[in-house]
Peer 1: 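Could you have a look at this structure, given as structure tokens, before my questions?
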Amino acid sequence: MSHFIVIGAGQAGQSIVTTLRGQGFEGEITLIGEEPVPPYQRPPLSKAYLLGEMELDRLFLRPESYYADENIRLRMGTKVTGIDPVAKTVSIGDQTLNYDKLALTTGSAPRLLPATIGGNLGGVYAMRTLADADAIEPEFREGASVLIVGGGYIGLEAAAVAAKKGLKVTLVEMADRILQRVASKETSDYFRALHQAHGVDLREGVGLVKLTGEDRVKSAELTDGTTLDVDFVIVGVGITPGTELAEMAGLALENGIKTDLHGATSDPDIFAAGDCASFPHEGAQIRLESVGNAIDQGEVVAKNMLGQDVTYAPKPWFWSDQYDVKLQIAGLSTGHDRVVIREGEGTHSHWYYKDGQLIAIDAMNDPRGYMVAKRLIESGKTADPDKVADPATDLKELMRG
């Protein structure tokens, strides 16, 4: 009987094993995860879960009983120590498992501050795992002072939770503006104003020199010459793809674990999906750090592990919740040359164009605008920028061209 092993029990790994069973695969499936809990949603950790608005069991993608019911061997709290692609084995300490097909869904890890600038002090946290969120939650005491390092979505979401809970929040971003890597100036301007309206001390073009304290962080020295007294620090300065096992196995790496449009690595019996995997797209080898990509790429990988000839065509979408604003993103704004702003009653959206073609949208409390733009983008159509900018234009009209 065939044995398929999936290493990495996150959203992509979950997508693979459920798709395998859904496609009628009757062989053995083993899903291995380092964390001591079943696969769960990560995005709510820095949003609803940290706010106390989502219970633990709602985080889980499936109840633990699902895996037994579907005859999926779930190995939690288990670290894989090696892969031998010639013998087709996976090592877990002294134990060796044989596989016929293997999938790596090893995700990503947060970049941490160096110990030389106080990154190893108590009270300094990253926000990536359930354990991270559980460790941080007791720090969210009204009146406490928190420094957030990094103005990407993780940092901004943490800032929103802290501000809503009555903490004194300072956020520093070394780049010229928040969200500089992922969004337009217009979107940065929108979220800067939102956070400042909620009392966040937001400093752009300002970095961290060092954190100081004995065993626990007490203060932070910034590049603008100021020193802050802090009770704790949250670091959100990006992630690195989980390529360690792939590298040990001699697989090709390029911006993560290099895969083709079928999700296959340089070894035809080993696949990869999710944050750890890069794939060809418009002449580049890209990675998409999103739930949507993990699910869709995982489904394609599962089908190709079964011998189907399915190619991956990404349909990027993302979201973020900050205060009472729900940001929904569709498409990739990379290379845009024009941003059109559409405002309505309580809605706001930024439509990205490249050479006259609609390529992406950032929609703030504008679910209808998001859905219309998403459909247009995914179908390769566009929308007249002048009509988009006119709030009197019915969104249905945009769909008709």
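Remember, it's a predicted structure, so these values are computed and weren't measured experimentally. We're numbering straight along the sequence, starting at 1.
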Peer 1: For T106 and G242, indicate whether the former's side chain and the latter's backbone hold a donor-acceptor pair under 3.5 Å.
Peer 2: yes
Peer 1: Taking the six-membered ring for Trp and the single ring otherwise, decide whether the centroids of F25 and F4 are under 6.0 Å apart.
Peer 2: yes
Peer 1: For Y99 and E28, test the side chains for any donor-to-acceptor distance below 3.5 angstrom and give the result as yes or no.
Peer 2: no
Peer 1: If you apply the rule side chain to side chain contact (heavy atoms under 4.5 Å, CB included), what do you find for L288 with L332, and how did you get there?
Peer 2: CA-CA 10 Å; L288 292 179; L332 297 175; 3.7 Å; yes
Peer 1: Whether the side chain of E173 engages the backbone of G151 through a donor-acceptor N/O pair (distance < 3.5 Å, no angle test) should be reported.
Peer 2: yes
Peer 1: Using a 4.5 Å cut-off on heavy atoms from C-beta on, say whether the side chain of E299 contacts that of Q23.
Peer 2: no
Peer 1: Under 3.5 Å, is there a donor-acceptor pair linking the side chains of T226 and D224?
Peer 2: yes
Peer 1: Are E343 and I341 packed together at the side-chain level, in the sense that at least one heavy-atom pair is separated by less than 4.5 angstrom?
Peer 2: yes
Peer 1: Got more than 12 heavy atoms from elsewhere within 6.0 Å of NZ, K165?
Peer 2: yes
Peer 1: Using a strict threshold of under 4.0 Å (side-chain N to carboxylate O), is an ion pair present between E378 and K374?
Peer 2: yes
Peer 1: Would you check, one step at a time, whether the test side chain to side chain contact (heavy atoms under 4.5 Å, CB included) holds for L171 with L156?
Peer 2: CA-CA 8 Å; L171 185 147; L156 293 175; 3.9 Å; yes
Peer 1: Closer than 3.5 angstrom, by distance alone: can the side chain of T81 be matched with the main-chain N or O of G93 as a donor-acceptor pair?
Peer 2: yes
Peer 1: Please name the pair of heavy atoms, one in G356 and one in T382, separated by the smallest distance, quoted to 0.1 Å.
Peer 2: O-OG1, 3.3 Å
Peer 1: Say whether D337 and Y352, considering side chains only, have a donor N or O and an acceptor N or O under 3.5 Å apart.
Peer 2: no
Peer 1: Hey, is the main chain of S145 close enough, under 3.5 Å, to the side chain of D231 for a donor-acceptor pair?
Peer 2: yes
Peer 1: Under 3.5 Å, is there a donor on one side chain and an acceptor on the other for Y49 and D134?
Peer 2: yes
Peer 1: Can you see whether R42 engages Y40 through a side-chain donor-acceptor pair at a distance of less than 3.5 angstrom?
Peer 2: yes
Peer 1: Are any of the side-chain heavy atoms of I361 and Q328 separated by less than 4.5 Å?
Peer 2: no
Peer 1: How many angstroms lie between CG in L376 and CE in M399, if you round to the nearest 0.5 Å?
Peer 2: 5.5 Å
Peer 1: Whether the Y125 and E139 side chains hold a donor-acceptor pair (N or O, under 3.5 Å, no angle test) is what I'd like checked.
Peer 2: yes
Peer 1: Ring centres under 6.0 Å, that's the criterion: do H262 and Y312 meet it?
Peer 2: no
Peer 1: Without swapping roles, check the side chain of R375 against the backbone of S379 for a donor-acceptor pair under 3.5 Å.
Peer 2: no
Peer 1: Does the side chain of Q322 pick up a donor-acceptor pair with the side chain of H195 at under 3.5 Å?
Peer 2: yes
Peer 1: Counting only N and O atoms by type, is there a donor-acceptor contact under 3.5 Å from the side chain of Q308 to the main-chain atoms of A302?
Peer 2: no
Peer 1: Regarding K47 and D321, does a basic nitrogen lie under 4.0 Å from an acidic carboxylate oxygen?
Peer 2: no
Peer 1: Counting only N and O atoms by type, is there a donor-acceptor contact under 3.5 Å from the side chain of R21 to the main-chain atoms of E70?
Peer 2: yes
Peer 1: Quick one: does any side-chain atom of D84 pair with a main-chain N or O of K88 as donor and acceptor, under 3.5 Å?
Peer 2: no
Peer 1: Measuring from atom CG of L112 to atom CZ of R128, what distance do you get when rounded to the nearest 0.5 angstrom?
Peer 2: 12.0 Å
Peer 1: Are the aromatic ring centres of Y190 and H348 under 6.0 angstrom apart?
Peer 2: yes
Peer 1: How many angstroms lie between atom CD1 of I329 and atom OG1 of T187, to the nearest 0.5 angstrom?
Peer 2: 7.5 Å
Peer 1: Would you indicate whether the side-chain heavy atoms of Q11 and L61 approach each other to under 4.5 Å?
Peer 2: yes
Peer 1: Check whether any side-chain N or O of T265 sits under 3.5 Å from a backbone N or O of I270 as a donor-acceptor pair, and report yes or no.
Peer 2: yes
Peer 1: Between atom OG of S333 and atom CD1 of I359, what is the distance when rounded to the nearest 0.5 Å?
Peer 2: 6.5 Å
Peer 1: Between atom OG1 of T105 and atom CD1 of I7, what is the distance when rounded to the nearest 0.5 Å?
Peer 2: 8.0 Å
Peer 1: Go through R203 and D201 one step at a time and tell me if the salt bridge (charged side-chain N to carboxylate O under 4.0 Å, His left out) criterion holds.
Peer 2: CA-CA 6 Å; R203 306 187 191 187; D201 180 0; 2.9 Å; yes
Peer 1: Flag the pair F318 / Y153 as yes when their ring centroid distance falls below 6.0 Å, and as no otherwise.
Peer 2: no
Peer 1: So, E289 and S108: side-chain donor and acceptor under 3.5 Å apart, yes or no?
Peer 2: no
Peer 1: Do Q297 side-chain atoms and A277 backbone N/O form a donor-acceptor pair below 3.5 Å?
Peer 2: no
Peer 1: Could you tell me which non-hydrogen atom of I377 sits nearest to which non-hydrogen atom of G331, and how far apart they are?
Peer 2: CG2-CA, 4.3 Å
Peer 1: Does atom NZ (K218) have a neighbourhood of more than 12 heavy atoms from anything else shown, all under 6.0 Å?
Peer 2: no
Peer 1: Looking only at non-hydrogen atoms, find the nearest pair between P39 and Y67 and report the distance.
Peer 2: CD-OH, 3.2 Å
Peer 1: Quick check: closest heavy atoms across T223 and G207, and the distance to 0.1 Å?
Peer 2: OG1-N, 2.7 Å
Peer 1: Stepwise, does the side chain to side chain contact (heavy atoms under 4.5 Å, CB included) test hold for T19 with I16?
Peer 2: CA-CA 5 Å; T19 303; I16 290 174; 6.0 Å; no
Peer 1: Do the side-chain N and O atoms of T30 and H3 include a donor-acceptor pair separated by under 3.5 angstrom?
Peer 2: yes
Peer 1: Hey, are the side chains of L194 and V325 touching, using non-hydrogen atoms and a 4.5 Å cut-off?
Peer 2: yes
Peer 1: Is any side-chain heavy atom of V388 less than 4.5 Å from a side-chain heavy atom of L398?
Peer 2: yes
Peer 1: So do P280 and Q285 actually touch side chain to side chain, heavy atoms under 4.5 Å?
Peer 2: yes
Peer 1: Assess whether atom CG of D215 is packed by more than 12 heavy atoms of other residues, nucleotides or ligands within 6.0 Å.
Peer 2: no
Peer 1: Do I257 and L104 have side-chain heavy atoms sitting under 4.5 Å apart?
Peer 2: yes
Peer 1: Which of these, L97, I83, D100, sits in a side-chain contact (heavy atoms from CB on, under 4.5 Å) with I5?
Peer 2: L97
Peer 1: Which value, rounded to the nearest 0.5 Å, describes the distance between L251 atom CG and L245 atom CG?
Peer 2: 9.5 Å
Peer 1: Could you tell me whether K387 and D390 have a side-chain N and a carboxylate O separated by less than 4.0 Å?
Peer 2: no
Peer 1: Salt bridge between R287 and D275, side-chain N to carboxylate O under 4.0 Å?
Peer 2: no
Peer 1: One pair to check against side chain to side chain contact (heavy atoms under 4.5 Å, CB included): E35 and M76. What are the steps and the verdict?
Peer 2: CA-CA 6 Å; E35 295 184 64; M76 300 176 290; over 6 Å; no
Peer 1: Regarding T89 and N98, is there a side-chain donor-to-acceptor distance under 3.5 Å anywhere?
Peer 2: no
Peer 1: Can you see whether S290 engages N293 through a side-chain donor-acceptor pair at a distance of less than 3.5 angstrom?
Peer 2: no
Peer 1: Verify side-chain hydrogen bond (donor to acceptor under 3.5 Å, both in side chains) between T78 and E34, making sure each step is shown before the conclusion.
Peer 2: CA-CA 5 Å; T78 302; E34 285 195 18; over 6 Å; no
Peer 1: Check whether more than 12 heavy atoms from other residues, nucleotides or ligands sit under 6.0 Å from atom CD of Q95, and answer yes or no.
Peer 2: yes
Peer 1: Verify the neighbour count for atom CD of E247: are there more than 12 heavy atoms of other residues, nucleotides or ligands below 6.0 Å?
Peer 2: no
